[in-house]
Amino acid sequence: MSILLTTLFVYALGLLLTAVGSRLAGRCTTWCCALLGLPMWVVGGTVAPFCLALPQLMLAFLAAGMSVTALAVGTALAGAVANLGLALAVCLLNRRRYATADRDEFCRKCLLLLAACGVLAVFVRDGELSYTGTGLLMLLFVLFILMSIAFQHNFTYGETIEAVSTSDAVPSSRLATKEYGYTAHTMAFPVMSVRNSLKNLAGVIGGLALLAGGAMALVYSATTLANLTGTIQALWAASLISFGFCLPLLAEALEHPLGSVWKRFTVRCRYYPPDSLPIQLLNSAILNLTLALPISSLMYRHKLPVGAQFRSYEVPVCAAMALVLLLPPLCKHKLKRWQGGVCMAVYFAYLAAALFVPRAGA
């Protein structure tokens with residue numbers, strides 16, 4: 001019993017460290033990029049999506065390096081499913097704040113996510129992610145970066161875009177830059193000085209150290225829980241870890257209804273506009289597939305094992321959610337609340353299947 005309680009404590013501590021570390025590293029990295037003279041539209045297309053996916057990327061990186069491949073693959077795939085089925089679903093269902101996005105960008109990202117799921121479906125049929133599949137996922141990652149930078153550039157310099165929203169009112173043909181632009185409600189840059197430069201550089205290093213420590217704690221707790229309960233590691237990646245990583249995003253999607261120290265910390269360390277959260281969640285899911293999995297494969301130094309659990313549940317569920325999110329904006333030029341309801345229902349059905357009808361995890 002004491003081992004179980006200690007493991008759960010380490011799990012909670014790991015979640016706290018990864019959440020704080022990723023936010024701190026993201027905020028300070030963004031400021032350092034501004035100090036180096038990078039345009040904000042470049043930062044918005046590269047650094048912001050990468051920092052949002054940092055917890056899953058770090059855990060997958062460390063787990064694959066330790067040859068705990070089931071946990072590495074499960075963290076990436078189950079994290080993508082949780083981001084879409086929980087956080088993005090709540091964004092769409094939230095009646096206090098309407099979800100808004102650029103239609104073309106939203107559709108492109110959904111299609112890119114479907115393409116990543118297609119690559120996984122084709123190139124892991126024998127239970128391993130082939131080198132060709134790894135290369136194609138990395139190619140999709142490069143395409144994702146180019147698409148994100150192009151969108152941020154077009155938006156910043158005033159090219160016409162088409163907005164879609166869950167609001168019943170017809171959205172403006174242009175999203176307001178002061179509400180949706182990358183620098184909107186994101187941060188107030190401090191004075192450029194040596195002291196502030198060193199402080200933010202220390203923030204990047206300290207945040208990454210906290211993130212690495214938290215990821216190691218989560219690897220330990222997941223493997224220990226699997227050994228104690230006689231279950232597969234993929235089960236804990238699909239449940240505790242993916243849900244834990246999703247909690248800060250859920251709080252943000254619900255606008256921190258209870259209020260907390262965490263709310264003040266996230267506002268202070270915000271590195272993307274709050275109105276862009278739906279697109280950022282899509283970005284994070286794409287990076288889980290197109291970056292976390294190739295990184296895991298490279299760290300493992302062999303073909304990455306992808307168990308029946310992931311081929312049967314995570315990949316098809318992720319593709320189904322991407323399709324649900326794509327069709328209304330593509331066909332009706334509208335985001336619908338029912339999309340959030342369907343994604344959430346699919347997520348809970350997936351979670352029930354993963355918990356009660358588990359397949360081989362590696």
Side-chain angles (χ1 to χ4, degrees), residues 2-26 50-83 128-129 205-249 284-285 287-289 291-307 309-310 313-314 351 354-355 358-362:
S2 61
I3 296 178
L4 179 60
L5 292 176
T6 302
T7 303
L8 292 176
F9 172 77
V10 172
Y11 162 76
L13 180 62
L15 285 182
L16 179 62
L17 291 177
T18 53
V20 173
S22 62
R23 292 281 174 164
L24 181 62
F50 178 79
C51 289
L52 192 65
L54 261 181
Q56 289 94 338
L57 293 173
M58 180 65 79
L59 197 150
F61 175 81
L62 294 176
M66 298 167 64
S67 297
V68 190
T69 55
L71 196 58
V73 176
T75 297
L77 293 176
V81 171
N83 282 352
E128 293 179 328
L129 178 60
I205 298 172
L208 290 176
L210 290 175
L211 185 60
M216 286 297 296
L218 290 173
V219 171
Y220 163 80
S221 60
T223 52
T224 303
L225 285 171
N227 292 334
L228 287 175
T229 58
T231 53
I232 59 175
Q233 295 163 358
L235 177 66
W236 301 102
S239 53
L240 281 182
I241 290 180
S242 61
F243 179 74
F245 281 158
C246 199
L247 280 177
L249 300 173
S284 179
L287 286 176
N288 280 356
L289 271 59
L291 185 57
L293 289 178
I295 284 177
S296 299
S297 181
L298 293 174
M299 282 298 297
Y300 187 56
R301 297 182 295 278
H302 301 286
K303 290 183 179 180
L304 188 68
V306 180
Q309 171 92 3
F310 311 120
Y313 295 149
E314 276 84 352
L351 194 60
L355 290 174
R359 304 289 300 276

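Side chains are part of it too, since the values below use all heavy atoms of this structure and drop only hydrogens, waters and symmetry mates.
Here the straight-line distance linking atom CD of Gln56 with atom CG of Leu291 works out to 11.0 Å at 0.5 Å rounding. In this structure, CG in Leu13 is found 12.0 Å from OH in Tyr220, a value given to the nearest 0.5 Å. Here CG of Leu57 is found 9.0 Å from CG of Leu211. Values are rounded to the nearest 0.5 Å. Between atom CG of residue Leu59 and atom OG of residue Ser296 there is a gap of 9.0 Å, rounded to the nearest 0.5 Å.
Taking the side chain as every heavy atom from C-beta outward, Leu52 and Leu249 approach each other to under 4.5 Å. Residues Ile241 and Leu71 have side chains in contact (heavy-atom distance under 4.5 Å, counting atoms from C-beta outward).
Few gaps surround CE on Met299; more than 12 heavy atoms of other groups in view lie less than 6.0 Å from it.
Without hydrogens or angle criteria, Ser297 side chain to Leu293 main chain gives no donor-acceptor distance under 3.5 Å.
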*asked:* With side chain to side chain contact (heavy atoms under 4.5 Å, CB included) as the criterion, how do Leu218 and Ser221 come out once you've worked through the C-alpha distance, each side chain's angles and the decisive distance to 0.1 Å?
replied: CA-CA 5 Å; Leu218 290 173; Ser221 60; 4.2 Å; yes

_Intermediate values then yes/no, side chain to side chain contact (heavy atoms under 4.5 Å, CB included), Thr18 and Leu54_ = CA-CA 9 Å; Thr18 53; Leu54 261 181; over 6 Å; no

*asked:* Run Leu289 and Leu77 through side chain to side chain contact (heavy atoms under 4.5 Å, CB included) and show every step you take.
replied: CA-CA 7 Å; Leu289 271 59; Leu77 293 176; 4.0 Å; yes

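Of the residues Thr75, Ile295, Leu298, the one that meets the side-chain contact (heavy atoms from CB on, under 4.5 Å) test with Phe61 is Ile295.
For Tyr300, the ring-ring contact (aromatic ring centres under 6.0 Å, His included) partners are His302, not counting sequence neighbours. Remark: Leu16 pairs with Val20 by the side chain to side chain contact (heavy atoms under 4.5 Å, CB included) rule, at least two apart or across chains.
Nearest heavy-atom pair across Asn288 and Gly79 is ND2-C, 3.4 Å. Scanning all heavy atoms of the two residues, the minimum distance from Pro55 to Phe245 falls at CB-CE2, 3.7 Å. Residues Lys303 and Glu128 approach most closely at CD-OE1, 3.6 Å, considering heavy atoms.
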